[in-house]
Amino acid sequence: MTAARPRFHYAWLILIGCCFVQAGGLGAVLDAAGVFFVPVCEDLGFSRSELSMYLTFYFIATVFAMPVVGRWITKYNVNRVLSVSFALVVAAVAAMGLYSEPWQWWISGIVFGLAGSFIFVVPAPILIGNWFHAHKGLALGVAMSFSGIGGAVLGPVFTLLIQGLGWREAYFVAAAVMALLVLPWTLFVFKLRPEDVGMKPYGWTEQDEQDERRRAGALAGAPGVPLAKALKTVPFVCMFLFSGLIAYFAGFNSHLPGYAQSIGFSALVGSSLLTAVMVGNVVEKLLVGWLNDRVGVQFTVNIQLGMVALGFLGFMFAGDNLVLLYASAFLFGAQNSLVSVSTPLLVRQLFGERDFPAIFTYARIGTGVIGCLGPVTVAAIFDVTGSFVPAFALGIGITALGFATVRLAYARRGKLAWSEAEDALESQASN
């Protein structure tokens, strides 16, 4: 018999807040950023590779931030950590409206990496994992889909602001919009755990209550692989590589408006192409969340990688076919759900709940190590060849590598040493 659920559960406020944070954070700061590239470069005479280097510095900075992100979010007051972090991000966005040299954008990129690591991707999986016992995959898919909604809505809005006010003023307005979308939730709504407000996670049952009491009586903690052991395993190396490989795809997002213009379309078509990616992002995140709960994470990831590969293939052969171009962008949107939905679910399934925040954030270091190459190499390929087609071909190869890393991680999953209790670990260590 399941416990009666209240008509309203605080978990729904957590979910709504995560939606706004994704829209005003990842969606506005990174997914919609590409619409500024062409007007800034044309006005100040930069090459695209020079300007896009700030995204490379973003990824590099995440390498230094990620080891502490999961630990600080769970150790310190979550409202203060997230609010201060996002205030720094907003300030870095507004400052772009004052810049005149490429290295100044690079500084903002470093701020995005150091402070944004606390807000863009990591908090939602932790909060939703804590607050949702039932429908966890679907809830995470819904929340993360709003980075796509944010990008889809704000990309064209920023384009119109650039055309009407100029790119400098558009940066100021963009920063204000981001602050309004995110800070009310991080300041006043978020709570790290249901226990903090005397509640249980959504979907909690009497059987779950009995199981928790039984674990407490046996001095058992949440099941999973301890962090120290997880970091030395092949599945962890695979997740580290996978996080980096799929982060490389973000390097294409920021260049899609420029790609559309390079094959003869207008700036508005270019921003709408990014919107198509974000629409695909939204639809595919909702689908992925539902599929993960029903057919499993690994199978769902294979579907996503296949969609990304088809998107790249479509870009290569679209030419002036606008329908194929938009369809390819829609399919390519699956790469966003790989980063924000499937990676945390993969890590949680492979290593368990025990040290999930720490293991996840360590795996996300791969995002900076490998993902930092995406924006600058895609831009460099265009600067050298005058075409994005070779970069799209490289993207297809990266999807194949992503498939191989996930397959290897699951092949070695059986060798992971899961543990239920601290005393069991101590006994194993003494033996």
Peer 1: Sub-3.5 Å donor-acceptor pair from the side chain of Asp355 to the main-chain atoms of Pro226, do we have one?
Peer 2: no
Peer 1: Once you round to the nearest 0.5 Å, how far does CG of Leu325 lie from CG of Leu273?
Peer 2: 4.5 Å
Peer 1: Looking at Ala358, is its backbone amide N or carbonyl O close enough to the side chain of Thr361 to form a donor-acceptor pair, meaning the two atoms are under 3.5 Å apart?
Peer 2: yes
Peer 1: Under 4.5 Å between any side-chain heavy atoms of Phe236 and Phe351, yes or no?
Peer 2: yes
Peer 1: Roughly how far, to the nearest 0.5 Å, is the OG1 atom of Thr74 from the OH atom of Tyr76?
Peer 2: 10.0 Å
Peer 1: Could you check whether any side-chain heavy atom of Ile246 comes within less than 4.5 Å of a side-chain heavy atom of Thr367, counting everything from C-beta outward?
Peer 2: no
Peer 1: Please assess Gln349 against Tyr410 for the test side-chain hydrogen bond (donor to acceptor under 3.5 Å, both in side chains), listing each intermediate value before the final yes or no.
Peer 2: CA-CA 10 Å; Gln349 188 173 82; Tyr410 275 85; 2.5 Å; yes
Peer 1: Do His133 and Tyr202 have ring centres separated by under 6.0 Å?
Peer 2: no
Peer 1: Check whether Thr343 reaches the backbone of Ser243 with its side chain - one donor and one acceptor, N or O, closer than 3.5 Å.
Peer 2: no
Peer 1: I'd like to know whether Val173 forms a side-chain contact (heavy atoms from CB on, under 4.5 Å) with Phe158, so could you lay out the CA-CA distance, the side-chain angles of the two residues, the decisive distance to 0.1 Å, and finally the verdict.
Peer 2: CA-CA 9 Å; Val173 176; Phe158 292 167; over 6 Å; no
Peer 1: Minimum heavy-atom separation for Thr186 and Ser83, please, with both atom names.
Peer 2: OG1-OG, 2.9 Å
Peer 1: Roughly how far, to the nearest 0.5 Å, is CG of Leu192 from CD of Glu195?
Peer 2: 9.0 Å
Peer 1: Might you work through the ring pair (Phe, Tyr, Trp, His ring centres under 6.0 Å) test for Tyr54 and Phe59, ending with a clear yes or no?
Peer 2: CA-CA 9 Å; Tyr54 86 80; Phe59 283 115; over 10 Å; no
Peer 1: Closer than 3.5 angstrom, by distance alone: can the side chain of Ser108 be matched with the main-chain N or O of Trp105 as a donor-acceptor pair?
Peer 2: no
Peer 1: Is there a side-chain contact between Phe403 and Asn302 in this structure, where contact means two heavy atoms from C-beta onward sitting under 4.5 Å apart?
Peer 2: yes
Peer 1: Aromatic contact between Phe57 and Phe112, with the criterion being ring centroids under 6.0 Å apart: yes or no?
Peer 2: no
Peer 1: Can you see which heavy atom on Ala92 is nearest to which on Val111, and at what distance?
Peer 2: CB-CG1, 3.8 Å
Peer 1: Nearest 0.5 Å, what's the CD1-CD1 distance between Ile73 and Ile126?
Peer 2: 4.5 Å
Peer 1: Which pair of heavy atoms, one from Lys191 and one from Ile14, lies closest together, and at what distance?
Peer 2: N-CD1, 3.7 Å
Peer 1: Does Val225 form a side-chain contact (heavy atoms from CB on, under 4.5 Å) with Leu350? I'd like the steps, not just the answer.
Peer 2: CA-CA 9 Å; Val225 183; Leu350 288 167; over 6 Å; no
Peer 1: Using modelled atom types only, decide if a donor and an acceptor are shared between the side chain of Arg168 and the backbone of Gly97 within a distance under 3.5 Å.
Peer 2: yes
Peer 1: Under 3.5 Å, is there a donor-acceptor pair between the side chain of Arg364 and the main chain of Ser117?
Peer 2: no
Peer 1: Nearest 0.5 Å please: distance from the CG atom of Leu331 over to the CG atom of Leu310.
Peer 2: 6.0 Å
Peer 1: Could you check if a side-chain atom of Thr56 sits within less than 4.5 angstrom of a side-chain atom of Leu373, using non-hydrogen atoms only?
Peer 2: no
Peer 1: Could you go through Phe388 and Phe252, starting from their C-alpha distance and side-chain angles, then the distance that decides it, and tell me whether this counts as ring pair (Phe, Tyr, Trp, His ring centres under 6.0 Å)?
Peer 2: CA-CA 9 Å; Phe388 285 99; Phe252 292 92; 8.3 Å; no
Peer 1: Could you report the tightest heavy-atom contact between Leu82 and Pro123, atom names first, then the distance?
Peer 2: CD2-CG, 3.8 Å
Peer 1: Mind checking whether Ile365 and Thr62 have side chains closer than 4.5 Å, heavy atoms only?
Peer 2: no
Peer 1: For the pair Trp72 (side chain) and Val78 (backbone), establish whether a donor and an acceptor sit closer than 3.5 Å, ignoring hydrogens and angles.
Peer 2: no
Peer 1: Ignoring hydrogens, what is the shortest heavy-atom contact between Ala28 and Leu154? Give both atom names and the distance.
Peer 2: CB-CD1, 3.5 Å
Peer 1: Determine, stepwise, if the pair Phe146 / Phe20 fulfils ring pair (Phe, Tyr, Trp, His ring centres under 6.0 Å).
Peer 2: CA-CA 7 Å; Phe146 272 75; Phe20 274 87; 7.2 Å; no
Peer 1: Might you point out which heavy atoms bring Gly25 and Phe86 nearest each other, and give the distance in Å?
Peer 2: CA-CE1, 3.8 Å
Peer 1: Mind running side-chain contact (heavy atoms from CB on, under 4.5 Å) on Tyr58 and Leu30 for me, showing each step along the way?
Peer 2: CA-CA 10 Å; Tyr58 155 73; Leu30 296 182; 3.6 Å; yes
Peer 1: Can you measure from CE (Met144) to CD (Glu284) and round to the nearest 0.5 angstrom?
Peer 2: 15.5 Å
Peer 1: Could you check if a side-chain atom of Ile16 sits within less than 4.5 angstrom of a side-chain atom of Trp185, using non-hydrogen atoms only?
Peer 2: yes
Peer 1: Are any of the side-chain heavy atoms of Pro344 and Phe356 separated by less than 4.5 Å?
Peer 2: yes
Peer 1: Only counting residues at least two apart or in another chain, list the ones meeting salt bridge (charged side-chain N to carboxylate O under 4.0 Å, His left out) with Lys136.
Peer 2: Glu353
Peer 1: Between Tyr171 and Phe36, is the ring pair (Phe, Tyr, Trp, His ring centres under 6.0 Å) condition met? List the steps.
Peer 2: CA-CA 9 Å; Tyr171 270 130; Phe36 285 92; 4.0 Å; yes
Peer 1: Can you check whether Lys200's main-chain N or O pairs, donor with acceptor, with His9's side chain at less than 3.5 Å?
Peer 2: yes
Peer 1: Is any side-chain heavy atom of Met66 closer than 4.5 Å to a side-chain heavy atom of Val122?
Peer 2: yes
Peer 1: Output, in order, the C-alpha distance, side-chain angles, deciding distance and verdict of side-chain contact (heavy atoms from CB on, under 4.5 Å) for Trp106 and Ile110.
Peer 2: CA-CA 6 Å; Trp106 303 349; Ile110 293 171; 5.6 Å; no
Peer 1: Donor-acceptor pair, distance only, cut-off 3.5 Å: does the side chain of Asn79 make one with the backbone of Phe190?
Peer 2: yes
Peer 1: Just by modelled atom types, is the Cys19 backbone N or O under 3.5 Å from a matching donor or acceptor in the Gln22 side chain?
Peer 2: no
